[in-house]
**Q** 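Mind looking over this structure? Questions follow.
Quick caveat, the model's predicted, so the values are computed rather than measured. Counting begins at 1 with the first residue of the sequence.
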Amino acid sequence: MITGLAWDTPLGRDREAVWERLCAGDSGLAPVGSPHPLRNTVAAVIDSVPYATPPGERQRVLAGRALAAAFADAGLATADPGVGLVLGTSFGASLDEAEPTLHAWADDAAAGIGHPGTPVCVMTACSAGSDAIAVAHALVRSGERRICVAGGADVVTEAKRLGHSALSTMSPTGMRAFDRTHDGMLLGEGAAFLVVEHPDSARERGARVYARLRGAGAANDAAGLTAPDPSGRAVVRAMQRCLASAGLAAADVAVVSAHATGTPLNDEVEARSLLELFGDDGPLMFATKGAFGHSLGATGAIEAVATVLALRHRRVPPVLGLRDPAAPLRLAAGSAQPVGDGAGLSLTLGFGGFNTCLLFEGVRA
(Lines give C-alpha, C1' and ligand atoms only; values in the text may rest on other atoms or scores of the structure.)
Protein backbone atom coordinates (compact mmCIF):
# COMPACT_ATOMS: atom_id res chain seq x y z
CA MET A 1 0.00 0.00 0.00
CA ILE A 2 1.11 3.58 -0.64
CA THR A 3 0.40 5.36 2.64
CA GLY A 4 2.46 8.51 2.20
CA LEU A 5 3.43 10.85 -0.65
CA ALA A 6 5.71 13.87 -0.81
CA TRP A 7 7.56 15.81 -3.46
CA ASP A 8 9.73 18.89 -3.78
CA THR A 9 9.52 20.29 -7.30
CA PRO A 10 10.19 23.43 -9.36
CA LEU A 11 6.43 24.11 -9.05
CA GLY A 12 6.45 23.88 -5.26
CA ARG A 13 6.18 21.35 -2.44
CA ASP A 14 2.48 21.26 -1.57
CA ARG A 15 1.26 18.02 -3.14
CA GLU A 16 -2.20 19.15 -4.20
CA ALA A 17 -1.18 22.67 -5.20
CA VAL A 18 1.59 21.32 -7.43
CA TRP A 19 -0.84 18.86 -8.99
CA GLU A 20 -3.28 21.66 -9.79
CA ARG A 21 -0.47 23.70 -11.36
CA LEU A 22 0.55 20.68 -13.44
CA CYS A 23 -2.99 20.19 -14.67
CA ALA A 24 -3.24 23.90 -15.47
CA GLY A 25 -0.20 23.59 -17.76
CA ASP A 26 2.25 25.56 -15.63
CA SER A 27 5.99 24.98 -16.08
CA GLY A 28 9.00 25.52 -13.84
CA LEU A 29 11.40 25.80 -16.77
CA ALA A 30 13.13 29.19 -16.93
CA PRO A 31 16.54 30.67 -17.80
CA VAL A 32 19.26 29.83 -15.26
CA GLY A 33 22.55 31.68 -15.63
CA SER A 34 25.73 29.75 -16.37
CA PRO A 35 29.34 30.79 -16.96
CA HIS A 36 29.62 28.08 -19.62
CA PRO A 37 28.54 27.97 -23.26
CA LEU A 38 25.50 25.68 -23.24
CA ARG A 39 23.05 24.59 -25.91
CA ASN A 40 20.33 26.10 -23.72
CA THR A 41 20.40 27.96 -20.39
CA VAL A 42 16.81 26.98 -19.53
CA ALA A 43 16.35 24.53 -16.64
CA ALA A 44 13.80 23.81 -13.91
CA VAL A 45 15.36 24.61 -10.52
CA ILE A 46 13.87 24.98 -7.05
CA ASP A 47 14.14 28.63 -6.03
CA SER A 48 13.76 27.99 -2.29
CA VAL A 49 17.26 26.45 -2.35
CA PRO A 50 19.31 29.01 -4.32
CA TYR A 51 21.18 27.63 -7.32
CA ALA A 52 24.37 29.25 -6.00
CA THR A 53 24.26 26.93 -2.96
CA PRO A 54 26.84 24.11 -3.29
CA PRO A 55 25.25 21.14 -5.12
CA GLY A 56 25.86 18.68 -2.28
CA GLU A 57 24.04 20.90 0.18
CA ARG A 58 21.16 21.41 -2.25
CA GLN A 59 20.83 17.65 -2.70
CA ARG A 60 20.73 17.07 1.05
CA VAL A 61 18.17 19.83 1.61
CA LEU A 62 15.80 18.60 -1.11
CA ALA A 63 16.11 14.98 -0.04
CA GLY A 64 15.68 15.81 3.64
CA ARG A 65 12.62 18.01 3.13
CA ALA A 66 10.81 15.45 0.98
CA LEU A 67 11.77 12.55 3.25
CA ALA A 68 10.48 14.32 6.34
CA ALA A 69 7.27 15.26 4.53
CA ALA A 70 6.67 11.64 3.41
CA PHE A 71 7.08 10.37 6.98
CA ALA A 72 4.72 13.06 8.27
CA ASP A 73 2.14 12.38 5.57
CA ALA A 74 2.05 8.70 6.55
CA GLY A 75 1.89 9.48 10.28
CA LEU A 76 5.28 7.89 10.93
CA ALA A 77 8.08 9.03 13.23
CA THR A 78 11.31 9.79 11.38
CA ALA A 79 13.25 8.12 14.22
CA ASP A 80 11.41 4.80 13.80
CA PRO A 81 14.14 2.16 13.21
CA GLY A 82 11.58 -0.25 11.78
CA VAL A 83 11.07 1.90 8.68
CA GLY A 84 13.52 1.14 5.88
CA LEU A 85 14.90 3.83 3.61
CA VAL A 86 15.63 3.27 -0.09
CA LEU A 87 17.03 6.39 -1.76
CA GLY A 88 17.94 6.86 -5.42
CA THR A 89 19.98 9.37 -7.41
CA SER A 90 21.99 9.52 -10.64
CA PHE A 91 25.25 11.34 -9.93
CA GLY A 92 23.85 13.67 -7.29
CA ALA A 93 26.51 16.30 -6.65
CA SER A 94 29.44 13.93 -7.23
CA LEU A 95 30.40 15.35 -10.64
CA ASP A 96 30.86 18.83 -9.15
CA GLU A 97 32.13 18.07 -5.66
CA ALA A 98 34.70 15.62 -4.37
CA GLU A 99 32.24 13.55 -2.37
CA PRO A 100 33.79 10.37 -0.94
CA THR A 101 31.01 8.10 -2.23
CA LEU A 102 27.66 8.31 -3.96
CA HIS A 103 26.16 6.93 -0.76
CA ALA A 104 27.23 9.84 1.48
CA TRP A 105 24.30 12.10 0.54
CA ALA A 106 21.83 9.35 1.49
CA ASP A 107 23.49 8.81 4.87
CA ASP A 108 23.40 12.57 5.47
CA ALA A 109 19.74 12.84 4.45
CA ALA A 110 18.78 10.02 6.82
CA ALA A 111 20.77 11.50 9.68
CA GLY A 112 19.30 14.94 8.96
CA ILE A 113 15.76 13.73 9.70
CA GLY A 114 16.86 11.74 12.74
CA HIS A 115 16.55 8.29 11.21
CA PRO A 116 18.88 5.79 12.93
CA GLY A 117 19.25 3.33 10.04
CA THR A 118 21.56 3.10 7.05
CA PRO A 119 19.63 3.63 3.82
CA VAL A 120 19.89 1.46 0.76
CA CYS A 121 21.17 3.74 -2.02
CA VAL A 122 20.24 3.01 -5.64
CA MET A 123 22.24 4.58 -8.48
CA THR A 124 20.82 3.39 -11.79
CA ALA A 125 20.98 6.67 -13.71
CA CYS A 126 17.57 8.12 -14.64
CA SER A 127 15.77 4.99 -13.40
CA ALA A 128 17.13 5.33 -9.86
CA GLY A 129 13.99 6.81 -8.31
CA SER A 130 11.78 4.10 -9.83
CA ASP A 131 14.27 1.37 -8.95
CA ALA A 132 14.30 2.56 -5.33
CA ILE A 133 10.52 2.10 -5.22
CA ALA A 134 10.87 -1.32 -6.88
CA VAL A 135 13.42 -2.35 -4.23
CA ALA A 136 11.03 -1.20 -1.49
CA HIS A 137 8.25 -3.20 -3.15
CA ALA A 138 10.45 -6.32 -3.04
CA LEU A 139 11.48 -5.73 0.58
CA VAL A 140 7.88 -5.37 1.74
CA ARG A 141 6.55 -8.26 -0.35
CA SER A 142 9.27 -10.57 0.96
CA GLY A 143 8.55 -9.67 4.58
CA GLU A 144 12.02 -8.19 5.06
CA ARG A 145 10.38 -4.85 5.92
CA ARG A 146 6.88 -3.85 6.93
CA ILE A 147 7.35 -0.25 5.82
CA CYS A 148 9.82 1.47 3.50
CA VAL A 149 10.14 5.08 2.44
CA ALA A 150 11.50 5.07 -1.09
CA GLY A 151 12.17 7.51 -3.90
CA GLY A 152 14.83 9.76 -5.34
CA ALA A 153 16.53 13.14 -5.26
CA ASP A 154 18.73 14.94 -7.76
CA VAL A 155 19.91 18.47 -8.52
CA VAL A 156 20.84 20.53 -11.55
CA THR A 157 24.59 21.20 -11.59
CA GLU A 158 27.01 22.83 -14.00
CA ALA A 159 28.70 19.50 -14.78
CA LYS A 160 25.39 17.92 -15.75
CA ARG A 161 24.46 20.91 -17.89
CA LEU A 162 27.80 20.75 -19.67
CA GLY A 163 27.53 16.99 -20.07
CA HIS A 164 24.11 17.01 -21.68
CA SER A 165 25.08 19.98 -23.80
CA ALA A 166 28.14 18.08 -25.08
CA LEU A 167 26.07 14.92 -25.66
CA SER A 168 23.56 17.01 -27.65
CA THR A 169 20.76 15.51 -25.56
CA MET A 170 19.93 19.03 -24.33
CA SER A 171 17.38 20.80 -26.51
CA PRO A 172 18.52 24.11 -28.04
CA THR A 173 14.90 25.25 -28.29
CA GLY A 174 12.50 23.71 -25.74
CA MET A 175 10.72 20.60 -24.43
CA ARG A 176 8.34 18.97 -26.94
CA ALA A 177 8.14 15.30 -26.00
CA PHE A 178 6.59 13.03 -28.67
CA ASP A 179 6.22 15.98 -31.05
CA ARG A 180 7.53 15.80 -34.61
CA THR A 181 9.76 18.80 -33.86
CA HIS A 182 11.28 17.38 -30.65
CA ASP A 183 15.00 18.00 -30.38
CA GLY A 184 16.08 17.19 -26.83
CA MET A 185 15.49 17.44 -23.11
CA LEU A 186 15.93 20.19 -20.53
CA LEU A 187 17.26 19.49 -17.05
CA GLY A 188 15.32 19.78 -13.83
CA GLU A 189 15.71 18.88 -10.19
CA GLY A 190 13.64 17.73 -7.28
CA ALA A 191 12.88 14.97 -4.82
CA ALA A 192 9.96 12.64 -4.19
CA PHE A 193 9.32 9.78 -1.77
CA LEU A 194 6.51 7.27 -1.34
CA VAL A 195 5.74 5.24 1.76
CA VAL A 196 5.42 1.58 0.73
CA GLU A 197 3.69 -0.42 3.45
CA HIS A 198 2.46 -3.97 3.95
CA PRO A 199 -1.37 -4.10 3.92
CA ASP A 200 -1.49 -5.65 7.40
CA SER A 201 0.67 -2.85 8.81
CA ALA A 202 -1.45 -0.18 7.12
CA ARG A 203 -4.61 -1.78 8.48
CA GLU A 204 -3.21 -2.05 12.00
CA ARG A 205 -2.14 1.60 12.01
CA GLY A 206 -5.38 2.82 10.44
CA ALA A 207 -3.24 4.47 7.78
CA ARG A 208 -4.71 6.44 4.89
CA VAL A 209 -4.08 4.56 1.65
CA TYR A 210 -3.51 6.49 -1.59
CA ALA A 211 -3.02 3.51 -3.91
CA ARG A 212 -1.74 -0.03 -4.17
CA LEU A 213 1.67 -0.70 -5.66
CA ARG A 214 0.63 -3.84 -7.54
CA GLY A 215 3.82 -4.65 -9.44
CA ALA A 216 7.29 -3.71 -10.62
CA GLY A 217 9.45 -4.90 -13.50
CA ALA A 218 12.81 -4.08 -15.03
CA ALA A 219 15.02 -5.07 -17.95
CA ASN A 220 18.31 -3.74 -19.32
CA ASP A 221 19.09 -2.98 -22.97
CA ALA A 222 22.78 -3.90 -22.61
CA ALA A 223 23.16 -1.83 -25.78
CA GLY A 224 25.24 1.24 -24.88
CA LEU A 225 26.17 3.84 -22.29
CA THR A 226 23.69 6.46 -23.45
CA ALA A 227 21.72 5.31 -26.51
CA PRO A 228 18.88 2.82 -26.08
CA ASP A 229 18.37 -0.34 -28.13
CA PRO A 230 16.35 0.92 -31.12
CA SER A 231 14.16 -2.19 -31.09
CA GLY A 232 12.71 -1.35 -27.65
CA ARG A 233 12.61 -5.05 -26.75
CA ALA A 234 13.89 -4.48 -23.21
CA VAL A 235 11.37 -1.67 -22.62
CA VAL A 236 8.54 -4.01 -23.60
CA ARG A 237 10.03 -6.75 -21.42
CA ALA A 238 10.15 -4.42 -18.40
CA MET A 239 6.46 -3.55 -18.83
CA GLN A 240 5.50 -7.21 -19.36
CA ARG A 241 7.37 -8.23 -16.20
CA CYS A 242 5.62 -5.46 -14.29
CA LEU A 243 2.20 -6.61 -15.47
CA ALA A 244 3.05 -10.23 -14.66
CA SER A 245 4.21 -9.18 -11.19
CA ALA A 246 0.85 -7.48 -10.67
CA GLY A 247 -1.20 -10.32 -12.16
CA LEU A 248 -2.73 -7.91 -14.67
CA ALA A 249 -2.91 -7.58 -18.44
CA ALA A 250 -2.20 -4.64 -20.74
CA ALA A 251 -5.96 -4.11 -21.13
CA ASP A 252 -6.19 -3.40 -17.39
CA VAL A 253 -4.06 -0.24 -17.69
CA ALA A 254 -6.00 3.03 -17.97
CA VAL A 255 -3.17 5.55 -17.82
CA VAL A 256 0.58 5.67 -18.45
CA SER A 257 3.12 8.16 -17.15
CA ALA A 258 5.63 8.13 -20.01
CA HIS A 259 9.33 8.86 -19.60
CA ALA A 260 9.07 11.30 -22.55
CA THR A 261 12.46 13.01 -22.53
CA GLY A 262 11.93 14.85 -25.80
CA THR A 263 15.10 13.44 -27.37
CA PRO A 264 14.20 12.01 -30.80
CA LEU A 265 15.78 8.58 -30.30
CA ASN A 266 14.38 8.00 -26.82
CA ASP A 267 10.91 9.22 -27.77
CA GLU A 268 10.89 6.97 -30.83
CA VAL A 269 12.00 3.88 -28.89
CA GLU A 270 9.51 4.57 -26.10
CA ALA A 271 6.64 5.18 -28.52
CA ARG A 272 7.47 2.01 -30.46
CA SER A 273 7.52 0.00 -27.23
CA LEU A 274 4.24 1.42 -25.96
CA LEU A 275 2.54 0.75 -29.28
CA GLU A 276 3.85 -2.81 -29.35
CA LEU A 277 2.40 -3.55 -25.91
CA PHE A 278 -0.83 -1.55 -26.03
CA GLY A 279 -1.62 -0.99 -29.71
CA ASP A 280 -3.08 2.15 -31.30
CA ASP A 281 -6.10 2.27 -28.97
CA GLY A 282 -4.15 2.00 -25.74
CA PRO A 283 -4.37 3.84 -22.42
CA LEU A 284 -4.22 7.60 -22.00
CA MET A 285 -0.61 8.79 -21.70
CA PHE A 286 0.85 11.89 -20.06
CA ALA A 287 4.27 13.28 -19.19
CA THR A 288 5.61 15.83 -16.71
CA LYS A 289 9.07 16.82 -17.97
CA GLY A 290 7.69 19.86 -19.78
CA ALA A 291 6.81 21.18 -16.31
CA PHE A 292 9.56 19.73 -14.10
CA GLY A 293 12.40 19.25 -16.58
CA HIS A 294 14.30 15.97 -16.56
CA SER A 295 15.29 15.48 -12.92
CA LEU A 296 17.47 12.44 -13.69
CA GLY A 297 17.65 10.20 -10.60
CA ALA A 298 14.54 11.81 -9.10
CA THR A 299 12.34 11.66 -12.19
CA GLY A 300 10.98 8.14 -11.65
CA ALA A 301 9.90 8.93 -8.10
CA ILE A 302 8.32 12.26 -9.10
CA GLU A 303 6.45 10.52 -11.91
CA ALA A 304 5.34 7.74 -9.56
CA VAL A 305 3.72 10.37 -7.34
CA ALA A 306 2.10 11.90 -10.42
CA THR A 307 0.73 8.49 -11.44
CA VAL A 308 -0.82 7.94 -8.01
CA LEU A 309 -2.37 11.42 -8.13
CA ALA A 310 -3.70 10.78 -11.64
CA LEU A 311 -5.52 7.69 -10.36
CA ARG A 312 -6.74 9.53 -7.29
CA HIS A 313 -8.04 12.60 -9.14
CA ARG A 314 -9.07 10.72 -12.30
CA ARG A 315 -7.31 13.15 -14.63
CA VAL A 316 -3.86 13.85 -16.04
CA PRO A 317 -1.96 17.02 -16.94
CA PRO A 318 -1.22 17.87 -20.57
CA VAL A 319 2.04 17.01 -22.34
CA LEU A 320 3.49 20.52 -22.60
CA GLY A 321 4.84 21.53 -26.00
CA LEU A 322 2.98 18.78 -27.87
CA ARG A 323 1.42 20.16 -31.05
CA ASP A 324 2.00 17.55 -33.78
CA PRO A 325 2.35 14.01 -32.36
CA ALA A 326 5.00 11.88 -34.04
CA ALA A 327 3.32 8.59 -33.08
CA PRO A 328 -0.30 7.38 -32.82
CA LEU A 329 -0.33 7.28 -29.03
CA ARG A 330 -3.29 8.48 -26.93
CA LEU A 331 -1.53 11.53 -25.53
CA ALA A 332 -3.02 14.18 -23.26
CA ALA A 333 -2.57 17.25 -25.45
CA GLY A 334 -3.62 20.85 -24.90
CA SER A 335 -5.28 20.52 -21.50
CA ALA A 336 -5.86 18.13 -18.60
CA GLN A 337 -7.74 14.99 -19.62
CA PRO A 338 -10.03 12.61 -17.67
CA VAL A 339 -8.81 9.12 -16.73
CA GLY A 340 -11.03 6.06 -17.03
CA ASP A 341 -11.17 2.97 -14.86
CA GLY A 342 -8.04 0.88 -14.56
CA ALA A 343 -4.47 0.80 -13.29
CA GLY A 344 -1.67 3.34 -13.72
CA LEU A 345 1.71 2.45 -15.16
CA SER A 346 4.83 4.60 -14.65
CA LEU A 347 7.68 3.96 -17.11
CA THR A 348 11.25 5.17 -16.63
CA LEU A 349 14.15 4.74 -19.06
CA GLY A 350 17.71 5.49 -17.97
CA PHE A 351 21.18 5.82 -19.44
CA GLY A 352 22.99 2.50 -19.39
CA GLY A 353 19.87 0.74 -20.66
CA PHE A 354 17.97 0.75 -17.35
CA ASN A 355 14.25 0.31 -18.01
CA THR A 356 11.92 0.20 -15.00
CA CYS A 357 8.16 0.01 -14.74
CA LEU A 358 5.85 0.43 -11.74
CA LEU A 359 2.15 -0.36 -11.67
CA PHE A 360 -0.32 1.28 -9.29
CA GLU A 361 -3.98 0.60 -8.62
CA GLY A 362 -6.27 3.29 -7.27
CA VAL A 363 -8.34 2.97 -4.11
CA ARG A 364 -11.52 4.73 -3.06
CA ALA A 365 -10.70 8.09 -1.47
Side-chain angles (χ1 to χ4, degrees), residues 124-131 164 167-171 175-186 188 216-243 250 253 255-296 299-300 302-304 306-307 310 316-322 324-333 344-359:
T124 47
C126 304
S127 285
S130 292
D131 283 330
H164 282 282
L167 284 169
S168 298
T169 49
M170 181 185 289
S171 168
M175 272 291 302
R176 295 182 300 279
F178 293 127
D179 194 84
R180 291 187 189 280
T181 63
H182 55 184
D183 59 5
M185 54 85 99
L186 292 171
N220 193 284
D221 286 351
L225 291 175
T226 57
D229 175 4
S231 75
R233 284 190 297 267
V235 180
V236 174
R237 192 173 298 120
M239 292 189 287
Q240 290 171 333
R241 288 174 174 169
C242 182
L243 288 167
V253 177
V255 63
V256 173
S257 171
H259 191 60
T261 63
T263 59
L265 183 55
N266 278 271
D267 277 4
E268 288 160 15
V269 169
E270 185 173 17
R272 184 178 301 119
S273 303
L274 290 166
L275 287 169
E276 180 177 335
L277 184 67
F278 294 110
D280 293 353
D281 190 28
L284 181 65
M285 300 181 188
F286 74 105
T288 62
K289 289 183 176 63
F292 295 143
H294 191 340
S295 52
L296 304 178
T299 194
I302 288 173
E303 290 163 9
T307 304
V316 297
V319 181
L320 296 186
L322 179 62
D324 184 11
L329 299 170
R330 283 189 60 214
L331 295 162
L345 185 149
S346 182
L347 180 61
T348 313
L349 315 178
F351 274 2
F354 294 105
N355 306 298
T356 304
C357 185
L358 304 170
L359 194 139

**Q** Atom SG of C357 and atom CZ of R241: how far apart are they, to the nearest 0.5 Å?
**A**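 Those atoms lie 12.0 Å apart.
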
**Q** Between the side chains of T348 and S130, is a donor N or O closer than 3.5 angstrom to an acceptor N or O?
**A**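 A pair is found: one side chain offers a donor N or O, the other an acceptor, under 3.5 Å apart.
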
**Q** What pairs with E303 under salt bridge (Lys or Arg N to Asp or Glu O under 4.0 Å), at least two apart in sequence or on another chain?
**A**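 Expected list: K289.
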
**Q** Please check: side-chain N/O of H259 versus main-chain N/O of L349, any donor-acceptor pairing under 3.5 Å?
**A**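 Judged by distance alone, yes, a pair lies under 3.5 Å.
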
**Q** Take L225 and F351, measure what side-chain contact (heavy atoms from CB on, under 4.5 Å) needs, and give me the verdict at the end.
**A** CA-CA 6 Å; L225 291 175; F351 274 2; over 6 Å; no

**Q** Report the distance from atom CG of D267 to atom OG1 of T261, rounding to the nearest 0.5 Å.
**A**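 Rounded to the nearest 0.5 Å, the CG-OG1 separation comes out at 5.0 Å.
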
**Q** Report yes if some heavy atom in the side chain of V256 is under 4.5 Å from a heavy atom in the side chain of F286; otherwise report no.
**A**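 In short, these two side chains do not touch, never coming nearer than 4.5 Å.
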
**Q** Going by heavy atoms in the side chains, are L347 and L274 under 4.5 Å from each other?
**A**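 Yes, their side chains come closer than 4.5 Å.
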
**Q** For R237, which residues count as a salt bridge (Lys or Arg N to Asp or Glu O under 4.0 Å) partner, sequence neighbours excluded?
**A**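 Per chain and number, R237 pairs via salt bridge (Lys or Arg N to Asp or Glu O under 4.0 Å) with no residue.
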
**Q** Quick one: pull up NE2 in H294 and CG in N266 and give me the separation to the nearest 0.5 Å.
**A**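 It is 7.5 Å, given to the nearest 0.5 Å.
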
**Q** Going by the rule side chain to side chain donor-acceptor pair (under 3.5 Å), which residues pair with T124 if we only count those two or more places apart in sequence or in a different chain?
**A**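 T124: side chain to side chain donor-acceptor pair (under 3.5 Å) contacts with D131.
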
**Q** Determine, stepwise, if the pair F292 / L186 fulfils side-chain contact (heavy atoms from CB on, under 4.5 Å).
**A** CA-CA 9 Å; F292 295 143; L186 292 171; over 6 Å; no

**Q** Using a strict cut-off of less than 4.0 Å between a Lys/Arg side-chain nitrogen and an Asp/Glu carboxylate oxygen, indicate whether R233 and D221 qualify as a salt bridge.
**A**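 No, this pair does not count.
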
